[in-house]
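In the text below, chain A, chain B and the rest are named by the order of the sequence lines, each starting its count at 1.
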Amino acid sequence: MSVQSTQHVNDDVTKLESVVIRFAGDSGDGMQLTGSQFSVATALEGSDLSTFPDFPAEIRAPVGTTFGVSAFQINFGSVEVSTAGDEPDVLVVMNPAALKVNLNNIRKGGMIILDEGAFNAKNLKKAGYETSPLEDESLAQYNVIRLNITKMTVETVKKFGLGNKDSLRCKNMWTLGLVLWMFGRKRQPIIDSLAQKFAKKPDVANANIAALNAGHAFGETAEMSSNLHRYQINKYEEEAGIYRTVNGNQTLCWGILAGSQLADLELLLGSYPITPASPLLHMLSDLKEFGVITFQAEDEIAAICSAIGASFAGKLGMTTSSGPGIALKTEAIGLAISTELPLIVVDIQRAGPSTGLPTKTEQSDLFQAVWGRNGDAPIVVISVSTSTDGFDVGIEAVRLATKYMTPVMILSDGYIANASEPWKIPDINDYEAFPVKFHQDPEGFHPSKRDPETLARVWAKPGTPELMHRIGGIEKDYDSGHISYDADNHQKMTNVRRAKIDNIAHDIPLQEVSQGTEGGKLAVIGWGSTYGSIHQAVKKARKDGLDVSHIHIRHIWPLPRNLEALLNSYDKVIVAEMNVGQLNTLLRSQYLLDSVLLSKVSGQPFKIVEIHKAIVENIGDLK
Amino acid sequence: MNKQVDIKKLSPKDFETDQEVRWCPGCGDYAILKGVQMTLANTGATPENTVFVSGIGCSSRFPYYISTYGFHTIHGRAPGFATGIKLANPDLDVWLVTGDGDGLSIGGNHMLHVLRRNVDIQIMLFNNEIYGLTKGQYSPTSRPGLITPSTPMGSVDAPLSPCVFALGAGARFVARGIDTSLKELPVTLARAKDHKGASFVEIFQNCLVYNDNVFGEFTAKKTAKDTQIHVKHGEKMIFGKDVIKGLRFNTEKFGLEVVIIGENGITEDDILVHDETNRHMAFMLCELESPDYPVVCGVIYCNPAESYDKAVQDQVAQAKRDKKADFNALLRRGRTWTVE
């Protein structure tokens, strides 16, 4: 809760600009559901918001352990919110393990709502507590609200005759009811959603709704001495329009589908399940009415091969994965480059190397995307910077893939894939269509025939009379498309493949300054999901009078044609990224730029304060 | 009234390309290429609706020499490409050309899945029991003891039988042919083309450079009648120069045995009739090996079921019937709110 903006509206309602709440519990406690339901209720009240689901890779880790703790953080307010918040103001914990794991992150003086019914000897031991934190001084600097949520929930739902396990599962709804009361959010959308979710189990639905109502009623009737208060957060002034909440995987999925519609092509997704990219497969599998075909292949390799096969046959081929899966697809991407077929490759990055941390975020696949293939094998690489950005990135990827007959790799990551934000829903009719024209004319046809301007080769699909041709991964003759082992021809073909991609720099927007000025003392350069943290840190620094700007790069390869001049217009440049310096190395190699790296690879997104600190330190050095 | 047009019947020559064929002189692939061109002509294939897909290896150069659409892909992965092509356009007639290394070693996994899914394509696996293009290493079908550059003391790998593998993977069409048997091969390939679903055809192909005459034992023309049996559905499995040898089911050994009609009281009635829909029989026939048994050629198993691509298309068609494809409505599904 931004303290400086706190003012008392009346005795029991405190007005706030923004607040960060973190719900934490066992993997089986339903924290993700609680958080996402709270997000919906919050969005419907007109707050700006950003969420961060933070969960373990294990589906159901042993109950009560620290490694089984699942959390959901939301930052919402009447002011612009662009990250899930550095430190929770309110921490809701369902057991001792959740307290132990999350206590370090909470703001000093913040509020902790805990279920004391779960703080028994067994759970304390599992969490590794020697003595109960409720009995010693370890929570002295927080506003701790101890409630026996377990007991109150079990009593509330007794009348529905559920078993002990199902009764205890209603604890999250009781807690949610209380938090909804605290922040003045409506219960009805959640009641509707529970009724729908448990339509086939009316007892379970009714018990959950009763628990939600009971938590809410507890807040209303609790005595003041319980330290419970209500808070008021006014609406965020948004542009007029229709809104919804979306996460990064949703907008990316819809963006690519929108792109295929604008290209007048049907989509074929070849994919293999992998965290955190699987939701794209799930979503597209349920969009068959748009002619979308999804193929869950036997492995990552067959997945991309089917997508390339589909592009050869005249559909838009697409494949989705994360770092380890992209590594397996590498050889096939090379074939798509060599045969010059359009292809969308989505990499929802996660912490690596190898299996790494599947549910934690990182931006460490940039090298893999730009350079990770045998031979000189350039492709287009575009990154997604916010949960809502995926829509436009998806469309741009399809436009470039089809116009230039090239694979396009989209880099998103586990953070924005799962994080939600409000989104002003666009109208597809506002986007300019770019329908694909398949080659039909047999006159002078050969498969390597190029458009002199874009250098894209012709796309002639099987089924077209008199255009029968053969393509493959062996080097092709520039003038006929036949296989060729000629030395000069290989030089020429390598050059043209490179020129085709380089040339795209003239067909993408000039790099803009997201915040601040062109030229100045300092610029923070970012790409991908660090947008929110950099934006807020730069905003704060500028408010304090520091000469710092924010540049956020969408087009990773080719880079925008004005980027070099723009970066050179600052005295100093910081590159902030969640890897050990991949964009930094790329920029240094391309522009001989003497940039400074700000790196973080903890599996967690940047905090605003971490970037702010780097800004202050680097500006200080310039004096 | 519908207009009548003259459709020029294409000849095998019409399926040749202008590309110089680059296989070693005398390679079995030449004969297979001819057999396939004959098959396409005989079955009235349209070049623009036909696609040949291959992986890597000698056999995988095949698409360059057929004047249809063609895609020479990467090692072992042709089934993935072929599946994508067939899903994208089910009207295309898709042929997959592979070898024992490409299809059963690096691509073994994909072969398993394309067969069990039953994608409507024809798979021709040229089996020469050797790696040709990489200069003569042993393959997953090479016999134990084979001396090659990578097995100077003889191979200790246990080989697999391609047709048994295919049956085990759930293939609904399994057949065999011999590169130079150009009387039988086009007939078998025509059946494969006709079959809806994945058709698997193993073709014994002689590599005269690295594994010459490896199949000589049963392919030699002189003795072929006694070393091969070409099975036909509904016909008794009788073979031999004198047409007196036959396959009988031995109930004690629970397997097939070669018997001679007229000896030990054996009559024609004892000889098994080939039932190409019987999977158990297909397994037994595929397992017969030379020299104790005749090598079985022709259509060994054919038992069609709905193809994968058909089922996928049906679901898409159903979704298109049941739901309206309204993109703006899709984005507005679920909870929305309006800011004035």
**Message:** Counting heavy-atom pairs closer than 4.5 Å to chain B, which one of A:Gly472, A:Pro465, A:Gly463 comes out on top?
**Reply:** A:Gly463
**Interchain contact, A:Asp286 with chain B, by part (heavy-atom threshold 4.5 Å)** = both
**Request:** Enumerate the residue pairs fulfilling side-chain hydrogen bond (donor to acceptor under 3.5 Å, both in side chains) with a member in residues 43-59 of chain B, sequence neighbours excluded, ordered by first and then second residue.
**Result:** B:Thr46-B:Asn49
**Asked** Who passes side-chain contact (heavy atoms from CB on, under 4.5 Å) against A:His282, sequence neighbours left out?
**Response** A:Ser278
**Prompt:** So what's closer than 4.5 Å to chain B heavy atoms on A:Ile304: side chain, backbone, both or neither?
**Reply:** neither
**Prompt:** If you count heavy-atom pairs under 4.5 Å between each of B:Asp326, B:Val53, B:Val114 and chain A, which one has the most?
**Reply:** B:Asp326
**Request:** With a 4.5 Å cut-off on heavy-atom pairs, point out which of B:Leu92, B:Thr338, B:Leu330 contacts chain A the most.
**Result:** B:Leu330
**Request:** Side chain from CB out, backbone as N, CA, C, O: work out which of these in A:Thr245 comes under 4.5 Å of a heavy atom of chain B, or both, or neither.
**Result:** both
**Prompt:** Going by atom types only, do A:Asp192 and A:Gln188 share a side-chain donor-acceptor pair under 3.5 Å?
**Reply:** yes
**Request:** Would you please indicate yes or no on a ring centroid separation below 6.0 angstrom for A:Tyr236 and A:Tyr243?
**Result:** no
**Item:** More than 12 heavy atoms of other groups within 6.0 Å of A:Glu466 CD
**Value:** no
**Item:** Contacting moiety of A:Pro426, where chain B heavy atoms sit under 4.5 Å
**Value:** both
**Message:** Show, in sequence, the C-alpha distance, side-chain angles and deciding distance for A:Val458 and A:His469, and conclude whether the side-chain contact (heavy atoms from CB on, under 4.5 Å) test is met.
**Reply:** CA-CA 12 Å; A:Val458 291; A:His469 64 276; over 6 Å; no
**Prompt:** Are there more than 12 heavy atoms of other residues, nucleotides or ligands under 6.0 Å from atom CZ of B:Phe15?
**Reply:** yes
**Item:** Heavy-atom contacts under 4.5 Å, residues 67-76 of chain B to chain A
**Value:** B:Ser67, B:Thr68, B:Tyr69, B:Gly70, B:Phe71, B:His72, B:Thr73, B:Ile74, B:His75
**Item:** Region of A:Leu268 in contact with chain B, defined by heavy-atom distances below 4.5 Å
**Value:** side chain
**Request:** Over 60° means perpendicular and under 30° means parallel, so classify the ring planes of B:Tyr65 and B:Trp23, tilted if in between.
**Result:** perpendicular
**Contact class of A:Ala332 relative to chain B, heavy atoms under 4.5 angstrom** = both
**A:Val246, part contacting chain B, at a heavy-atom distance under 4.5 Å** = neither
**Request:** Check the surroundings of atom CG in A:Asn429: do more than 12 heavy atoms from other residues, nucleotides or ligands lie under 6.0 Å from it?
**Result:** yes
**Request:** Please look at A:Lys424 and chain B and tell me whether the side chain, the backbone, both or neither of the residue comes under 4.5 angstrom of a heavy atom of that chain.
**Result:** neither
**Prompt:** Quick one: of B:Thr336, B:Asn89, B:Leu331, who has the most non-hydrogen atom pairs under 4.5 Å with chain A?
**Reply:** B:Leu331
**A:Glu237 atom CD: more than 12 heavy-atom contacts under 6.0 Å** = no
**Request:** State, without any angle test, whether A:Thr320 and A:Ser271 hold a side-chain donor-acceptor pair at a distance under 3.5 Å.
**Result:** yes
**Message:** I need the contact set between residues 259-267 of chain A and chain B: heavy-atom distance under 4.5 Å, sorted by residue number.
**Reply:** A:Gln261, A:Glu266
**Asked** Which bit of A:Ile242 is near chain B, if near means a heavy-atom gap under 4.5 Å: side chain, backbone, both or neither?
**Response** both
**Message:** If I measure from the heavy atoms of chain B, does A:Phe290 come under 4.5 Å with its side chain, its backbone, both, or neither?
**Reply:** both
**Asked** For B:Val316, is it the side chain, the backbone, both, or neither that has a heavy atom closer than 4.5 Å to a heavy atom of chain A?
**Response** both
**Asked** Using 30° and 60° as the class limits, which term best fits the ring planes of B:Phe173 and B:His195: parallel, tilted or perpendicular?
**Response** tilted
